[in-house]
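Note sheet for the following structure.
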Amino acid sequence: MRKVLIIAGPTATGKSAFAVQCAKAFDGEIINGDSQQVYRQLSIGTAKITDDQKQGVPHHLLDILEYSQPYNVADFQKAARAAIEDIASRGKLPILCGGSGHYLKAVLYDYDFKSEPVSELTYDELNDQALYDLLLSIDPLAAEKIHMNNRKRVLRAINLGLSGPLKSQREAAQNHEPIYDCFMVVMTVERDLLNQRIEERVSAMKDHGLIEEVTTFFASKEAQSFQSFLGIGYKEFRGFLNGTETAETAIELIVTHTRQFAKRQLTWFRHQFEARWVNALDHSDLTQVQDEIRLWHSQEKP
RNA sequence: GGGGAGAUAGCGAAGUGGCUAAACGCGGUUGACUGUAAAUCAAUUCUCUACGAGUUCGGCGGUUCGAAUCCGUCUCUCCCCA
C-alpha cells in the first residue's frame with residue numbers, strides 16, 4: 001500500500017505552507033487537492049501558492065488547465081492517483097494538500113467512476129416532485145438518500161441508473177475504505193479567528209490585483225459561463241462586470257461566501273474522515289504532528 | 001417655525017383588531033454530500049426549568065373579551081416648505 005500524507009482543512013489555515021514544510025522534512029512532493037487551483041490563469045482569487053512559497057518543492061496538478069475548461073472529481077481522481085503512483089515510485093512521499101473534501105475522498109477511497117458515457121437529460125418539463133418520483137421508480141434506494149429539492153443530485157442519480165448500474169448498486173459494490181496507507185491532518189483555527197483571517201486574506205487578494213485578474217479574464221459573457229467562473233472569488237464580480245454593482249460589494253460577498261465555504265469544509269472533514277486535527281496556530285501541536293507523521297512514515301503497515 | 005412620512009426580531013422587509021412569536025429575503029448555527037463539490041441541498045434561528053410556559057413589534061398611557069394593528073402622548077429618524 002502506498003503511503004499518502006494528506007494535509008486538509010478549511011481555507012486560510014496555512015495548509016500550503018505546512019505541506020511544504022512536510023515535503024522538506026519527509027522528502028515529499030505535493031499534489032494539489034483543490035478544485036480551482038488547477039486553472040493556469042486564475043491565481044489571485046484561488047489563493048494559489050507562489051513559486052517563492054513552493055521553496056523548490058515540486059507541486060503537481062497546479063496550473064494544468066485553461067480556465068475555459070471544465071474539471072470534475074473523476075478527472076481529479078485519475079490525475080491525482082497517477083501523481084501518487086509517479087511520486088511514490090520514485091521513492092518520494094506523496095503529499096495531498098487541499099480543501100476540497102469530496103475530491104480528496106474520491107482519490108483516497110475506492111470510489112469508482114466508471115468511464116461509460118452517462119446521459120445528461122435534464123427533464124426540464126418535470127417539476128421537482130415529478131422528477132423525484134421518477135427516481136423513486138428507477139432507484140428507490142438512492143432516492144432515500146437524496147432530498148427531493150436537490151435537483152442536481154436527483155438528476156444525476158436518474159441518469160446513472162438509465163445508463164448502467166444504479167447509483168445504489170455502484171456504491172454497494174465498494175468497500176468504502178481507503179486504498180492507500182493514509183495519514184490525514186486537518187488544520188484548523190478557532191472560528192472567530194478563522195473569519196478574521198479570511199477577511200484579511202480577501203483584502204490581500206484585492207491588494208494583489210484580484211480586480212485586474214477578474215476583468216482580464218472574465219469581461220466577456222462567454223467567459224462568465226466557464227465553470228471556473230463559479231469559483232468563490234470570481235462569480236461575485238458578475239454584477240460588477242455587468243456594471244450594476246461596485247467592486248466593493250463583490251469583495252464583501254467574497255468574504256461572506258468564503259466564510260460559509262469554510263464552515264462547509266469543516267463539516268465535511270468532521271464527519272467524512274478519520275483525521276488528526278491540528279490547531280494551525282499552535283506551534284507545539286504542529287511539531288507534535290510532525291513527529292507522529294515521522295513515526296507513521298517510518299513504519300510499514302502490516 | 002410650518003407640512004408630510006416613518007419607527008417590526010442580528011439586518012432588510014411584510015403584516016393595519018383574533019387564524020401572529022409575527023410572511024419573505026439576507027446573515028448566523030447545525031447537517032447532508034460518490035462526475036459542475038469554491039457546487040448543490042436540508043434543518044434551525046425571541047427566552048426558558050422547553051411536546052409546555054414566559055416576554056415581544058420605539059417609550060408611556062388608554063379603548064377592547066382580545067392590539068404590532070385603533071386612540072392619546074412622548075422620544076427619535078427622514079423628506080418638503082420657510
Side-chain angles (χ1 to χ4, degrees), chain A residues 8-12 32-39 42 44-48 65 67-80 98-120 122 128 131-132 139 141-142 144-161 163-177 191-192 195 198 201-202 205 225-237 249 252-273:
Chain A
T11 187
N32 161 247
D34 215 290
S35 64
Q36 299 299 306
Q37 298 187 356
V38 292
Y39 296 114
L42 312 181
I44 301 172
T46 59
K48 200 185 287 165
L65 290 181
Y67 77 119
S68 57
Q69 297 177 282
Y71 190 59
N72 65 40
V73 221
D75 298 333
F76 175 71
Q77 184 195 52
K78 197 169 162 208
S100 306
H102 183 223
Y103 277 34
L104 299 182
K105 192 159 186 179
V107 170
L108 269 15
Y109 282 64
D110 57 341
Y111 278 24
D112 183 14
F113 299 117
K114 309 228 182 285
S115 51
E116 97 232 346
V118 171
S119 58
E120 291 182 27
T122 56
D128 290 351
L131 191 71
Y132 190 71
D139 187 351
L141 230 56
E144 244 172 64
K145 294 172 63 183
I146 303 175
H147 189 99
M148 194 184 85
N149 295 357
N150 205 339
R151 189 163 245 269
K152 212 160 155 173
R153 291 247 175 78
V154 174
L155 231 29
R156 165 110 269 249
I158 290 173
N159 281 318
L160 274 178
S163 309
L166 299 178
K167 177 179 190 294
S168 56
Q169 291 170 340
R170 292 166 197 250
E171 286 172 30
Q174 301 168 209
N175 294 319
H176 301 98
E177 277 171 10
R191 188 73 70 88
D192 287 350
N195 290 163
I198 286 171
R201 164 185 279 213
V202 173
M205 284 178 182
S225 72
F226 295 159
Q227 186 184 316
S228 59
F229 187 62
L230 243 63
I232 296 173
Y234 300 98
K235 62 169 172 233
E236 291 81 4
F237 282 99
T249 306
E252 277 167 36
L253 267 178
I254 292 173
V255 171
T256 301
H257 289 167
T258 306
R259 226 175 17 223
Q260 295 171 332
F261 171 51
K263 194 176 62 192
R264 263 179 283 131
Q265 288 178 299
L266 248 9
T267 301
W268 180 285
F269 295 130
R270 260 198 299 262
H271 300 274
Q272 299 279 330
F273 293 111

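The basis for the numbers below is simple: all heavy atoms, side chains too, and nothing from hydrogens, waters or symmetry mates. Please read all numbers here as calculations on a predicted model, not as lab measurements. Below, chain A is the first sequence line, B the second, and so on; all start at residue 1.
Comparing B/A39, B/A37, B/C41 by their nearest atom to the side chain of A/W268 picks out B/A37. For A/K152, the side-chain atoms get nearest to B/U40 when compared with the rest of B/U40, B/G27, B/G31. Nearest to the side-chain atoms of A/Y111 among the listed nucleotides B/A38, B/G27, B/U34 stands B/U34. Closest to the A/R270 side chain, of the nucleotides B/A38, B/G31, B/A37, is B/G31. Taking every side-chain heavy atom of A/Q272 into account, B/C33 is the closest of B/A42, B/G27, B/C33. Of the listed nucleotides (B/U36, B/G31, B/U30), B/U36 has the atom at the smallest distance from the side chain of A/L230. For A/S35, whose side chain is taken as the heavy atoms from C-beta onward, the closest listed nucleotide among B/U34, B/A39, B/A37 is B/A37. Taking only side-chain atoms of A/Q37, from C-beta outward, the nucleotide of B/C33, B/A38, B/U29 with the closest atom is B/A38. Residue A/I232 has its side chain nearest to B/A39 when only B/G28, B/A39, B/U34 are considered.
Using a 4.0 Å heavy-atom criterion, one finds that A/R170 contacts no nucleic acid atom at all. The residue A/G233 sits apart from the nucleic acid: no heavy atom pair falls under 4.0 Å. The residue A/Q260 sits close only to the backbone: its heavy atoms come under 4.0 Å of sugar-phosphate atoms, none of a base.
The phosphate of B/A32 has neither OP1 nor OP2 within less than 4.0 Å of any side-chain N or O from A/R153. Here A/H271 reaches the OP1 or OP2 of B/A32: one of its side-chain N or O atoms lies under 4.0 Å away. Between A/Q227 and B/A39, a side-chain N or O to OP1/OP2 separation shorter than 4.0 Å is absent.
Panel note: side chain A/Q77, backbone A/Y111; a donor-acceptor pair is recorded below 3.5 Å.
Between the side chain of A/N150 and the base of B/U40, a donor-acceptor pair under 3.5 Å is found.
Across all strands shown, B/A38 has no partner, as no Watson-Crick or G-U wobble contact with both distances under 3.5 Å is found. Remark: B/C33 base-pairs with no nucleotide; criterion is Watson-Crick or G-U wobble with both hydrogen-bond distances under 3.5 Å.
Position along RNA chain B of the nearest nucleotide to A/N72 versus A/R264 favours A/N72 as the more 5'-ward residue.
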